[in-house]
Number of protein chains: 2
Amino acid sequence: MNTRSATLSKATTEIERSAQVELPLSPTFSPLYQQIKALITQSLEVGEWKPGEPIPSEVELATRYKVSQGTVRKAISVLAAENLLIRRQGKGTFVATHSEARAQFRFLRLLPEAGVPNVYESHLLECRRLRAPVEIARPLELQPNEPVVLIKRTLQFSGVVAVFDEIWLPGNLFRGLTLERLAAYHGPLYVLFETEFGTRMIRASEKIRALAAADEVAAMLGVEPGHPLLSVDRVSYTYGDRPVEVRRGWYVTDAFYYQNDLS
Amino acid sequence: MNTRSATLSKATTEIERSAQVELPLSPTFSPLYQQIKALITQSLEVGEWKPGEPIPSEVELATRYKVSQGTVRKAISVLAAENLLIRRQGKGTFVATHSEARAQFRFLRLLPEAGVPNVYESHLLECRRLRAPVEIARPLELQPNEPVVLIKRTLQFSGVVAVFDEIWLPGNLFRGLTLERLAAYHGPLYVLFETEFGTRMIRASEKIRALAAADEVAAMLGVEPGHPLLSVDRVSYTYGDRPVEVRRGWYVTDAFYYQNDLS
DNA sequence: TAGTGGTCTAGACCACGTG
DNA sequence: ACGTGGTCTAGACCACTAT
């Protein structure tokens, strides 16, 4: 038994090595801590520990997985770096959630030119179910005509309309998502998604362009047709890099800007 | 002596603790590995190890700083995560450089809608010295009227003009930077800056907006005045978070998009 | 006082790259 | 065969939080 197997196994000992010295080394080597990381991720995925809750302590997990605390620590460190877990000295390690203020700014990068941070208000325009058009089905890795949910809304920053969003979700993952349910909810959508529908957005990829406002979008945003807008095409992913949201946003950047840090 | 002092010191031993038990604990606690990290950063900053070169091995550094290899490893890991160093198993740890293909994409996020990755050609329009206008002096943390260098250029992707840039640099840091010097150089500017002027860009912060092309910019980019453009305002920083570049870019996003990953 | 994560050490062994 | 970084372990102690 050696560390190359997909099953949980610790480093080869001298004795074990001499016993298997004739076996060819498997070409796929996976460190123990990555195997532990995979196990922890699994538990997150199936909801053994829910967003906001603490996971077991490092010593507990070390006992459970029969590895040293240091190996568990390494696995957790990686997951913390990927924003799946949050470590708090003296308290424990917690499942990350979009409820924290910190997480919200990670996915909404629009800031006002002057004045207050981004407290915003969402205005729901539409929520209906339809069959996925091809250009939506492809990024969501669905078959064309599979059911999807389409949400349209605007965001206002202190009364000023700044964003118009079209949000597409796989219908099978968001069965109870209706206009009524959404209208009754006030808060970030990703919080609703993770608490009510068990789907947590982990990372997203955006394509940003400048374009002239089409008539329909211009009307929604209260600008003249042809007005320059930031177009933000987002695909969001959950555990296992599975795409679970396509979002097309149009941002008015006369009094706001999109903040990005390169490092 | 304890780990709280700014000078290099390892964890308090039992004996030492009993000897200093009356001393109040300093409120500023700095782990050993962070002290080592600061020392390594210093060596990078003064150019003891140059971009692309290997730094001493972990055991060597452990000996030099009189700490364990594990502590050096932790310090290096942080610096690697910040893209200041690059670790290569079996070979050593190297000072990061903008010469690597990998680094280029970190700071130029424009990709073509279809086809090839971003091989581009820079066309120099202008390079002159002047006194810093206030709106440039402030982000560069210079006094108004201090000397700056202004570079104007365009970028073409397979013959198509996509970017017009105005690049402002502190005159004192870039003394030998002239139109002739630039014209003789072909390659990424950040490579020139780090090899010829000892200034390495580490991170940058960008503000992105959509706007209608002004006449001058439109002419440079070969589009109609009023055409929607992506406006990218960048401030770049070197070691110690000192700002050393202000860059205003106008991107044509008809056949290109700005790629951004949220995580 | 007890429990959590955070730091530091020392030693063994593994994987990778180069002679 | 050797040197590099990478993994894993075990144990001690520190810093933070709650009770």
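Chain letters run A, B, ... following the sequence lines, proteins first and then strands; every chain starts at 1.
The listed nucleotides are D:dC8, C:dG5, C:dT9; the one nearest the side chain of A:Arg87 is C:dG5. When the nucleotides D:dG5, C:dG5, D:dT9 are ranked by their closest atom to the side chain of B:Glu58, D:dG5 comes out on top. Taking only side-chain atoms of B:Val67, from C-beta outward, the nucleotide of C:dT9, D:dC8, C:dG5 with the closest atom is C:dT9. Taking only side-chain atoms of B:Val59, from C-beta outward, the nucleotide of C:dC8, D:dT4, C:dT4 with the closest atom is D:dT4.
Residue contacts for A:Arg88: at a heavy-atom cut-off of 4.0 Å it reaches the sugar-phosphate backbone alone, with no base atom in range.
Using a 4.0 Å cut-off, some side-chain N or O of A:Lys74 falls inside it from OP1 or OP2 of D:dT7. OP1 or OP2 of C:dT4 has at least one side-chain nitrogen or oxygen of A:Ser57 nearer than 4.0 Å. Dashed line: the shortest gap from a side-chain N or O of A:Ser68 to OP1 or OP2 of D:dC8 is not under 4.0 Å. Applying the 4.0 Å criterion to OP1 and OP2 of C:dT18, one finds that B:Lys91 has a side-chain N or O inside that range. A close approach under 4.0 Å does occur between a side-chain nitrogen or oxygen of A:Thr93 and OP1 or OP2 of C:dG5.
Of the N and O atoms on the side chains of B:Tyr190 and B:Ser236, at least one donor lies less than 3.5 Å from an acceptor on the other residue. A:Thr97 and A:Arg200 form no side-chain donor-acceptor contact under 3.5 Å, judged by distance and modelled atom types alone. For A:Thr199 and A:Glu245, the side-chain atoms include no donor-acceptor pair closer than 3.5 Å. Residues A:Arg102 and A:Asn83 bring a donor and an acceptor atom of their side chains to less than 3.5 Å of each other. Between the side chains of A:Gln69 and A:Glu58, at least one donor N or O sits under 3.5 Å from an acceptor N or O. Side chains of B:Ser77 and B:Arg87: a donor-acceptor N/O pair is present below 3.5 angstrom, by distance only. No side-chain donor from either of A:Tyr257 and B:Glu206 sits under 3.5 Å from a side-chain acceptor of the other.
Between A:Ser205 and B:Gln259, the closest side-chain pair of non-hydrogen atoms falls below 4.5 Å.
Nearest-nucleotide positions on DNA chain D place A:Tyr33 closer to the 5' end than the other of A:Gln89 and A:Tyr33.
Atom CG in B:Leu79 sits about 15 Å away from atom C1' in D:dG5, given to the nearest Å. For the pair A:Ile36 CD1 and D:dT9 C1', the computed distance is 13 Å after rounding to whole Å. For A:Ile76 and C:dT4, the CD1 to P distance is 12 Å, given to the nearest whole Å. Per the geometry, NZ belonging to B:Lys66 stands 18 Å off C1' belonging to C:dA10, to the nearest Å. Atom CD in B:Gln69 sits roughly 13 Å away from atom C1' in D:dC8 (whole-Å rounding). In this structure, the CD1 atom of A:Ile86 is 17 Å from the C1' atom of C:dG6, given to the nearest Å. For A:Phe29 and D:dG5, the CZ to C1' distance is 12 Å, given to the nearest whole Å. Between the CG atom of A:Leu61 and the P atom of C:dG5 there is a distance of 8 Å, given to the nearest Å.
Within residues 95-103 of chain B, no residue places a heavy atom under 4.0 Å from DNA chain C.
You'll find a donor-acceptor pair under 3.5 Å spanning the side chain of B:Arg73 and the base of D:dG6, going by distance alone.
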